[in-house]
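Note sheet for the following structure.
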Amino acid sequence: MIKEDLIYEILSVVEEIPEGRVASYGQIARLIGRDKNSRLVGKVLSMAEYYGRYPCHRVVNHAGRTAPGWREQRLLLEDEGVEFRKNGCVDMKRFQWNA
DNA sequence: ACTTTGACCGGTC
DNA sequence: TGACCGGCCAAAG
């Protein structure tokens, strides 16, 4: 089990990510004052569907890599205008959300 | 109490 | 970017 308050904090931040923008796990972790818990953020997001409808597809790792085993994520982002490089990574330089 | 496991991160080269 | 590496920390076994 993961603490409810932690889940709420993470999801409330994810909810703020604007369309056509992406955020990294570490970035989320920092925004909730837990800069060292980026891995937990990923864990929570992996079950985000269970807690409600959140734009969890706008979260990638620091290199701009999309989540493993989730092919749809890339399409969802492209629909919002986020561009990918040949290697399959988001162009963080241009699309990372500056909160 | 100890070990392993993750949708991870920041230096450094 | 990319590869390599040591660090992080809650959870589950």
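Basis for what follows: all heavy atoms, side chains included, without hydrogens, waters or symmetry-related copies. Here the structure is a predicted model, which is why all the values come from computation and not from measurement. In what follows, chains are A, B, ... by sequence order, proteins preceding strands, each numbered from 1.
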Which whole-number value in Å describes the distance from [X] [atom1] to [N] [atom2]?
{"X": "A:Glu83", "N": "C:dT1", "atom1": "CD", "atom2": "P", "result": "13 Å"}
{"X": "A:Asn37", "N": "C:dA11", "atom1": "CG", "atom2": "C1'", "result": "12 Å"}
{"X": "A:Tyr25", "N": "C:dA10", "atom1": "OH", "atom2": "C1'", "result": "17 Å"}
{"X": "A:Leu6", "N": "C:dC8", "atom1": "CG", "atom2": "P", "result": "19 Å"}
{"X": "A:Gln96", "N": "B:dC8", "atom1": "CD", "atom2": "P", "result": "15 Å"}
{"X": "A:Ile10", "N": "B:dA7", "atom1": "CD1", "atom2": "P", "result": "14 Å"}
{"X": "A:Asp91", "N": "C:dT1", "atom1": "CG", "atom2": "P", "result": "6 Å"}
{"X": "A:His62", "N": "B:dT12", "atom1": "NE2", "atom2": "P", "result": "15 Å"}

Which part of the nucleic acid does [X] contact within heavy-atom distance under 4.0 Å: base, sugar-phosphate only, or nothing?
{"X": "A:Ala29", "value": "nothing"}
{"X": "A:Asp35", "value": "nothing"}
{"X": "A:Lys43", "value": "nothing"}

Cluster overlap A:Tyr51 with A:Tyr8, hydrophobic side-chain contacts below 4.5 Å = no

Out of [options], which has the shortest distance to the side chain of [X]?
{"X": "A:Ser46", "options": "B:dC9, B:dA7, C:dC8", "result": "B:dA7"}
{"X": "A:Arg39", "options": "C:dG7, B:dC9, B:dA7", "result": "C:dG7"}
{"X": "A:Asn61", "options": "B:dA7, B:dC9, C:dA10", "result": "B:dC9"}

Quick one: is [N] close enough that its OP1 or OP2 comes under 4.0 Å of any side-chain N or O from [X]?
{"X": "A:Ser24", "N": "B:dC9", "value": "yes"}
{"X": "A:Asn87", "N": "C:dT1", "value": "no"}
{"X": "A:Arg85", "N": "C:dT1", "value": "yes"}
{"X": "A:Arg30", "N": "C:dC8", "value": "no"}

All N/O donor-acceptor pairs, side-chain side in residues 20-43 of chain A, below 3.5 Å, sequence neighbours left out:
from, atom 1, to, atom 2, distance (Å)
A:Arg21, NH1, A:Asn98, OD1, 3.4
A:Ser24, OG, A:Gln27, N, 3.1
A:Gln27, OE1, A:Ser24, N, 3.2
A:Gln27, OE1, A:Gln96, NE2, 3.2
A:Gln27, NE2, A:Trp97, O, 2.5

Smallest separation among heavy atoms of A:Glu16 and A:Ser12, with atom names | CG-O, 3.3 Å

Tell me the partner of B:dA7, counting only Watson-Crick (N1-N3 plus N6-O4 or O6-N4) or G-U wobble (N1-O2 and O6-N3) with both under 3.5 Å; none if nothing fits.
-> none

DNA chain C nearest-nucleotide lookup for A:Cys89 and A:Ser38: closer to the 5′ end is A:Cys89

Do the side chain of A:Arg58 and the main chain of A:Ile17 share a donor and acceptor less than 3.5 angstrom apart?
-> yes

Report yes or no: does A:Glu19 contribute a side-chain atom to a donor-acceptor pair with the main-chain N or O of A:Glu80 at less than 3.5 Å?
-> no

